[in-house]
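Have a look at the structure below, then the notes.
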2 protein chains.
Amino acid sequence: MKDDIFDFCRNMSDEQDARARQMLERAAAKWPLRVLHVLSEADGPLRFSRVLERVEDISQKVLTQTLRTLESDGLVIRTLYPQVPPRVEYELTPLGRELLTQVVSLWRWIVIHLNEFDTSKSAARN
Amino acid sequence: MKDDIFDFCRNMSDEQDARARQMLERAAAKWPLRVLHVLSEADGPLRFSRVLERVEDISQKVLTQTLRTLESDGLVIRTLYPQVPPRVEYELTPLGRELLTQVVSLWRWIVIHLNEFDTSKSAARN
DNA sequence: CAGTATCCAGGGGGATACTG
DNA sequence: CAGTATCCCCCTGGATACTG
């Protein structure tokens, strides 16, 4: 028998597997990753507008969606200050910060090996 | 100044950054990941049909696309034996195997922390 | 300010049929 | 066997307008 690098998943239900896969995809996706990054760079909580400014080219709708998802995944805290006009602040949870750290290590590996991808004899372009 | 966990990207061009991001998204995406996994489990090269069988619910078209992308990214080797009927075999490159290893470590982290996502006070407790 | 609501265009992926 | 070629649907995400 070959050893399976996914062996530690043996005891997982299909639901758990799907959930883990979902988290992996979300964490690696464009907007969530950039939002997490922006939040991690900030010294403290950021208002919605600040995030909107700092995540280049994101639309308001998508930012809202992204933040909602991150919040429900426990990666981001949303704090509403009931004022007029309202003030809403976002910040990373410890879990969000940890996850970002994990993704960054994968990111770092990719960056280091960047020149090994596609440059080979295959049909790299496009 | 805050320390930026992406500091090691400072010297990267926009193109390199985009390429790295693309590789990250691809590596975490559903089909590429499952194809890499199937290939890593096999003892040797796998024929197209075998991969099609083992990657559950993937369509032929998407499998072809996925394999082509993986090949052009240098993660998979495609070997054509000019016979009738043709025989085509796929196997991981060392780079592909390494990348999968990296993704798996992120995957493992996610699995370990699975119960910390969303179960918290945000969604579950109404 | 921080959203929600609505409309709309483009791409990804499924199903099917055909071929060297 | 290992693909291509088509058609089609759905979903994502952009743009815009409106509101508590």
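Reminder, nothing fancy here: chain letters follow the sequence lines and each chain counts from 1.
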Handout entry: Opposite nucleotide pairing with C:dG20, Watson-Crick or G-U, both atom distances under 3.5 Å
Key = D:dC1
Exercise for the section: For C:dT6, give its Watson-Crick or G-U wobble partner with both distances under 3.5 Å, or none. Expected result: D:dA15
Handout entry: Polar side-chain contact A:K61-D:dG14 base: donor and acceptor under 3.5 Å
Key = yes
Between [N] and [X], is there an OP1 or OP2 to side-chain N/O distance shorter than 4.0 Å?
X     : N     : answer
B:R47 : D:dA2 : yes
B:Y90 : D:dG3 : yes
A:R68 : C:dT4 : yes

Exercise for the section: Answer yes or no: are there more than 12 heavy-atom neighbours, outside B:Q83 itself, under 6.0 Å from its atom CD? Expected result: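 Counting other residues, nucleotides and ligands, CD of B:Q83 exceeds 12 neighbours.
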Check the distance between [N]'s [atom2] and [X]'s [atom1] and give it to me in whole angstrom.
X     : N      : atom1 : atom2 : answer
A:Q83 : C:dG3  : CD    : C1'   : 15 Å
B:E56 : C:dG14 : CD    : P     : 13 Å
A:L52 : C:dG3  : CG    : C1'   : 11 Å
B:K30 : D:dC11 : NZ    : P     : 14 Å
B:L67 : D:dG3  : CG    : P     : 8 Å
A:R87 : C:dG3  : CZ    : P     : 13 Å
A:L63 : D:dA15 : CG    : P     : 14 Å
B:Q22 : C:dG11 : CD    : P     : 15 Å

Fill in the blank from the handout: Closest of C:dA2, C:dG14, C:dT4 to the B:W31 side chain is C:dG14
Handout entry: Of the listed nucleotides D:dG3, D:dG20, D:dC1, the one nearest the side chain of A:P86
Key =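 The answer is D:dG20, which lies nearest to the side chain.
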Handout entry: Reported CG-to-CE distance for the pair B:D73 and B:M23, which is rounded to 0.5 angstrom
Key = 4.0 Å
Practice task
Kindly compute the distance separating CG (A:L92) from CD (A:E41), expressed to the nearest 0.5 Å.
Solution key: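 One gets 11.0 Å once the value is rounded to the nearest 0.5 Å.
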Problem - Sub-4.5 Å side-chain heavy-atom contact between B:L24 and A:L33 - result: yes
Handout entry: Side chain proximity check, B:E98 to A:H113, heavy atoms < 4.5 angstrom
Key = yes
Practice task
Assign A:Q65 to base, sugar-phosphate, or nothing according to its heavy-atom contacts below 4.0 angstrom with the strands shown.
Solution key: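 Counting heavy atoms under 4.0 Å across all strands, no contact is made by A:Q65.
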